[in-house]
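What follows is a single structure, written as structure tokens, with notes after it.
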Amino acid sequence: MDFYIIETAGDLNDTSLCLVEYPPEEMGLNDYRLALGEIAAPYFPENAKVYLTDESPGIKLSGILGNTKGYLIGTSRVKDVIKKLCSDNKIEFLPFMLYNHKKRIHSTDYFFINPIGGFDCLKEDACGITYDNEGKVVTVKQYVLDKKKLINAPDLFRIDKIPGEYVISKRLAQALKDNGVTNLLGKKLRVQD
């Protein structure tokens, strides 16, 4: 099966699209949890609000909402498809209200989609990984997946060594496309034995 890294910024060439630049203000420093797969629900505000900014003037809504923070943000349609195909995964779906540039509600149909934890999937000797003195990943030259490790891979997951990256299966990507989800961009990953 083919897998893809999701481009969370979406189509940056289409300036008419909404682009989120900030998390809900009330999360404070805990917003990193949404980008790195840590449990965020206890820190997520009730009636969360996200505001579009003048720096990104686009107002066109899309199935996957592009953002500059590395979040996976989608509509209820995206959430429903993911829930159906990823029922065994631990994933948080955290709703928020999207406000336009005039501070008026633009949409109430978006969720931060936060797969918790990571999945061991890299063919490390083929990736060109650089580690720091504490054994943490500093850089990855290229993403190469290990075919053996993918046998039980979920349809949506984070790479365990680089939790800011989301990987999606071809099956889930096709299901989202079949459901009319827009602004879903990704790069196919190499797989090796």
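Positions are given from 1, in the same order as the sequence printed here.
More than 12 heavy-atom neighbours from other residues, nucleotides or ligands sit within 6.0 angstrom of CD on Q174. Enclosure of atom NZ in K90 is not indicated, since only 12 or fewer non-hydrogen atoms of other residues, nucleotides or ligands lie within 6.0 angstrom.
Residues K187 and Y143 form no side-chain contact, since every pair of their non-hydrogen atoms from C-beta on lies 4.5 Å or further apart. Residues K49 and E25 fail the side-chain proximity criterion, which asks for heavy atoms closer than 4.5 Å. Looking only at side-chain heavy atoms (C-beta outward), L189 and V144 stay at 4.5 Å or farther from each other. Contact of the K123 side chain with the D125 side chain is registered, since non-hydrogen atoms from C-beta on lie closer than 4.5 Å. Put simply, the side chain of L98 reaches to within 4.5 Å of the side chain of V20, judged on heavy atoms. Under the 4.5 Å side-chain criterion, counting only non-hydrogen atoms from C-beta, C18 is in contact with L61. D160 is not listed as a side-chain neighbour of F119, based on a closest heavy-atom distance of 4.5 Å or more.
Note that the CG atom of L122 and the CG atom of L145 stand 6.5 Å from one another [nearest 0.5 Å]. Atom CD of Q142 is separated from atom CZ of R190 by 4.5 Å, given to the nearest 0.5 angstrom. S107 OG to I59 CD1: the interatomic distance, rounded to the nearest 0.5 Å, is 12.5 Å. Between atom CD1 of residue I6 and atom CG of residue L172 there is a gap of 7.5 Å, rounded to the nearest 0.5 Å. Here the CD atom belonging to Q192 is positioned 11.5 Å from the NZ atom belonging to K147, to the nearest 0.5 angstrom. With values rounded to the nearest 0.5 angstrom, N30 atom CG is found 9.0 Å from L34 atom CG.
In terms of hydrophobic clustering, with Ile, Leu, Val, Met, Phe, Trp and Tyr side chains grouped at heavy-atom distances under 4.5 Å, L65 and L17 are assigned to different clusters. Hydrophobic clustering (side-chain heavy atoms under 4.5 Å, transitive across Ile, Leu, Val, Met, Phe, Trp, Tyr) keeps I91 apart from L36. Both Y4 and L184 are members of a single hydrophobic cluster when ILVMFWY side chains are connected at heavy-atom separations under 4.5 Å. Both Y43 and F96 are part of a single hydrophobic cluster, where members link through side-chain heavy atoms under 4.5 Å apart. Using a 4.5 Å cut-off between side-chain heavy atoms of Ile, Leu, Val, Met, Phe, Trp and Tyr, with links allowed through other members, V191 and M1 fall into the same hydrophobic cluster.
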Return a table of donor-acceptor pairs under 3.5 angstrom between the side chains of residues 75-85 and protein atoms on other chains or two or more places apart.
unit_1, atom_1, unit_2, atom_2, d
T75, OG1, R77, N, 3.4
T75, OG1, V78, N, 3.4
S76, OG, D109, OD1, 2.5
S76, OG, D109, OD2, 3.4
R77, NE, N179, O, 3.4
R77, NH1, N179, O, 2.7

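Of the possible polar contacts, none joining the D132 side chain to the V138 backbone as a donor-acceptor pair under 3.5 Å is found. N89 places a side-chain N or O within donor-acceptor distance of the main-chain N or O of L156, the cut-off being under 3.5 Å. Remark: side-chain polar atoms of Y166 are paired, donor with acceptor, to backbone N or O of G70 under 3.5 angstrom. Judged by distance alone, with hydrogens and angles left aside, the side-chain atoms of T8 form no donor-acceptor pair with the main-chain N or O of L72 at under 3.5 Å. No donor-acceptor pair under 3.5 Å is formed between the side chain of E26 and the backbone N or O of A48. The main-chain N or O of D155 is never found under 3.5 Å from a side-chain atom of R171 such that the two would form a donor-acceptor pair. Remark: the backbone N or O of A41 is not paired with any side-chain donor or acceptor of R33 at under 3.5 angstrom.
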Quiz item: Hey, mind stepping through L52 and H106 against side chain to side chain contact (heavy atoms under 4.5 Å, CB included) and telling me if it holds?
Solution: CA-CA 9 Å; L52 297 175; H106 198 50; 4.2 Å; yes
Quiz item: When you look at I64 and L185, which way does the side chain to side chain contact (heavy atoms under 4.5 Å, CB included) test go after all the steps?
Solution: CA-CA 9 Å; I64 299 291; L185 303 175; over 6 Å; no
Exercise. Any chance you could lay out the side chain to side chain contact (heavy atoms under 4.5 Å, CB included) test for L176 and I168, step after step, and finish with the verdict?
Key: CA-CA 11 Å; L176 291 167; I168 188 172; 3.7 Å; yes
Self-check item: From CA spacing to verdict: side chain to side chain contact (heavy atoms under 4.5 Å, CB included), F111, L94
Solution: CA-CA 5 Å; F111 296 81; L94 304 167; 6.0 Å; no
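Of all non-hydrogen atoms in L150 and C121, the two that sit nearest each other are CD2-CB, 4.2 Å. Considering all non-hydrogen atoms of both residues, E124 and I129 come closest at CG-CD1, 4.0 Å. A pairwise comparison of heavy atoms in A9 and L19 identifies O-CD1, 3.7 Å as the closest pair. Here the closest non-hydrogen pair linking G37 and N114 is CA-OD1, 3.3 Å. Nearest heavy atom pair, residue E38 against residue E92, reads O-OE1, 4.0 Å. Across K69 and P23, no two heavy atoms sit closer than the pair CE-CD, 4.2 Å.
Taking F44 as the reference, F112 meet the ring pair (Phe, Tyr, Trp, His ring centres under 6.0 Å) condition, with sequence neighbours excluded. Partners of Y32 according to the ring pair (Phe, Tyr, Trp, His ring centres under 6.0 Å) rule, which considers only residues two or more places apart in sequence or in another chain, do not exist here.
When each of Y22, Y51, Y110 is tested with Y99 by the rule ring pair (Phe, Tyr, Trp, His ring centres under 6.0 Å), just one qualifies, namely Y51.
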